[in-house]
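Read through the structure below, which is laid out as structure tokens, and then see the notes.
Quick caveat, the model's predicted, so the values are computed rather than measured. Numbered from 1 within each chain, the chains take letters A, B, ... in sequence-line order.
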Amino acid sequence: MPKNKLCEIDHDKSVTTDQTQADSGRTHKMAPFIEVANLSKSYQRDGFEIPVLDGMDISVEKGGYLALMGPSGSGKSTLLNIIAGIDRPSKGTVKIGDTEITSLNESKLAKWRANNIGFVFQFYNLIPVLTAFDNVALPLLLTKLSKAERKKHVETALNIVGLGDRMKHYPKQLSGGQEQRVAIARAIVTDPQIIVADEPTGDLDKTSADEILVLLQRLNQEFDKTIIMVTHDPHAAETAKTILHLEKGELVEETE
Amino acid sequence: MKLFFLVVKNAFRSKTRAFLTILGIAIAVVAFGVLRTVVTAWYAGVDAAATDRLIVRHAVSFIFPMPYAYRDKIADTPGVEEVSFANWFGGTYIDQNQFFSRFAIDADTYFDIYPEYMLGEEELSTFKREQNSCVIGSDIASRYNLKVGDSMTLTGDIYPGEWNFIIRGIYQPQKKSTDASQMMFHWEYLNQRMLQDYPGRENQVGWYNVKIDNPDEAAVISTQIDELFANSAAETKTETEAAFTRSFISASGAILGAMNIVSFTIVGVIMLVLANTMMMSARERTREYAVLKTLGFSVPKIAFLIFGESLVISILGGALGLLLTFPLVEAFAAAIPKGWFPVFEIEVITIVLLVVVVLFIGAVSAIFPVRNVAKSKIADSLRFVG
């Protein structure tokens, strides 16, 4: 079944990337799209080394939907952050598409994130002084798109999440579920390959949480987005195609 | 420029805090502007001094007179183009509160050496002809509503008695910095009265005004003049007009120094206030900056947001302060006794200094927040709870 495109964003035009687009996944469906190899991460606290991840190996196919579960401190958020390029491992590599992101410098990594990753946070993290429209438009400010093109993309993204009529609303004028949907619109507005979500339903009531989960499933199935989600909620995890259980920085179980 | 709307939104996120900070900067700018104006007003005489004029005074002190006979010897010194002279008269006009400079001058030469006191030809020739006449500056004329033909009576203190004059000329200042609040009358008139009423006080000159051919030779000519009267009863000290004026100001040097220190202290304090505001603001937005980084905003782009926010606040405060400074300086000028400062207005250099100070405050205040944001790790900042 052919997959829908969210927006027709030409990334060459939108972001001055060094062709780190994760294109390989588009042509080789069954090849690993995200490859995490021998990944370790430890923190230094008060002179002590605290291991968080230890020799992790994971691979995710293009269009995969992965849920990371585990108790607090198991390393799932750290793993998510490293895959998303907002944290760096102590050892090991992360390859997404053709790009080994662990070898990119900060500047290139920032551009790579802008083109390839959409973030959804537990507490939405919208800018309170900006309207829903302006919040969603934020990532597009880094592109060379014209004002009219940006407007078109923002409207498309907000319509996909069902908030086309709330564009001029500020975050405080929206419910938690609506705020999270605006955050999802912001995550998809640049048409990234991967969406990472850290406890996206953690701050929502059941109804709103279900709406968000349905939306994420739709993004995965209709728009072919690769999704990695950290969650404590087994019900949320069940919506994913694959569930990884982590404990003390190690992968203990994989459920299809 | 796409990010500028975000800069403005951020600057006024907390309207009360932004307003108070802007007001604080405005008040500091006003204080800085007024203090700098006082300092520049004090130095206005130095700035207005001509480079081709020397002042010859008594070596011990300005208050001691010198013999009139020095005039010809000074005039014969190589490099000297023309010599004039004057005496400080002092005295009272109307009452003690009406202060302005009153000099007895050599009517034939004084206005040749001081072309910045612009007097009509007819007024000048009438003045030169009538020994009991005087010339006043346009500021004095407007302050006391005087015109040519009116009489002025001074009560002398250094030179006792009633002194009556007929105004025969009102000079206009050539430049803004030219003092238009002086009264000049014939030295000969003073000298005759001294000869008649106080024998022994005649033929005395307060200082000589010397016009020289080449300003580069000022030091050499000064030395030559002083050597003429070395070991005499009235040794001289010759210096440029600027140095002579500066020697007056040096008496108030401590006050001016304090004013300078206070004006820059104000700048320092307000810089700390704005820096504190920016630090608080950036700290409160630690997670937001982390989110922006997550979305792909580079550190330079976030630095643009923080610097922009700081500059918007400081520029608005500076603009408000500058707007308020002009009427306040005028009010200040009206409040101080007339004649204290012949020129009291905001100079261009003060405005330039204010603009530089405002931009400096805005830029410096953003340095630490930017540094903190640049150093922070995204993953840590996303967990920040302010």
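- Neither the backbone nor the side chain of A:R88 comes within less than 4.5 Å of any heavy atom in chain B.
- In this model, no donor atom of one side chain and acceptor atom of the other lie less than 3.5 Å apart for B:T40 and B:R36.
- For B:F12 and B:F19, the distance between ring centers is not under 6.0 angstrom.
- Side-chain N or O atoms of A:S90 include one that pairs as donor or acceptor with a backbone N or O of A:S42 at under 3.5 Å.
- When each of A:V129, A:D134, A:D87 is checked for heavy-atom pairs under 4.5 Å with chain B, A:V129 comes out on top.
- Interface remark: A:N81 contributes side-chain atoms only to the contact with chain B (heavy atom separation under 4.5 Å).
- Counting heavy-atom pairs under 4.5 Å between each of A:T78, A:L130, A:L109 and chain B puts A:L130 at the top.
- Under the salt bridge (Lys or Arg N to Asp or Glu O under 4.0 Å) rule, B:E288 has a single partner from B:R13, B:R283, B:K293, which is B:R13.
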